[in-house]
Participant: 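Please read through the structure below; I'll follow up with questions.
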Amino acid sequence: MKLLAPDCGTVRKRFVCVGMAKGQEAVRVYMSPEKKRAFKAACAAKGLEMSEVANNLIDEWLKENAVSSVQQTQAG
């Protein structure tokens, strides 16, 4: 079993960085086990990664809440 290291810039004992592109950071989100299972199942049914969906949802939230610095940084 591979466990995601809290800081994927370094590999720690028993932890391996998996599926994170260079220049990205991890964000921990807490939710009920039921919500996690439903989210995971919905993503899998559409053939999407959970982090891809979460990133898209966060981008939309930022757009709706007039936070433009992230979009400008990614576009540049």
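Residue numbers run from 1 in the order of the sequence given.
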Participant: Count the heavy atoms belonging to other residues, nucleotides or ligands that lie under 6.0 Å from CD of Glu52, then report whether that count exceeds 12.
Facilitator: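 Counting other residues, nucleotides and ligands, CD of Glu52 exceeds 12 neighbours.
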Participant: Apply side chain to side chain contact (heavy atoms under 4.5 Å, CB included) to Glu34 and list each qualifying residue two or more places apart in sequence or on a separate chain.
Facilitator: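 Counting only residues at least two positions away or on another chain, Glu34 forms a side chain to side chain contact (heavy atoms under 4.5 Å, CB included) with Ser32, Arg37.
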Participant: Output all residues satisfying side chain to side chain contact (heavy atoms under 4.5 Å, CB included) with Val27, sequence neighbours left out; order by chain, then residue number.
Facilitator: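 Counting only residues at least two positions away or on another chain, Val27 forms a side chain to side chain contact (heavy atoms under 4.5 Å, CB included) with Val29.
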Participant: Verify the cluster assignment for Leu48 and Leu57: are they in a single hydrophobic cluster under the rule of side-chain heavy atoms below 4.5 Å apart?
Facilitator: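 They do share one cluster, since a chain of ILVMFWY contacts under 4.5 Å joins Leu48 to Leu57.
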Participant: Rounded at 0.5 Å granularity, tell me how far CD in Glu60 sits from CG in Asn65.
Facilitator: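 Spacing of CD (Glu60) from CG (Asn65) equals 11.0 Å.
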Participant: So if you build clusters from Ile, Leu, Val, Met, Phe, Trp, Tyr with side-chain heavy-atom gaps below 4.5 Å, do Val53 and Ile58 land together?
Facilitator: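 No, separate clusters.
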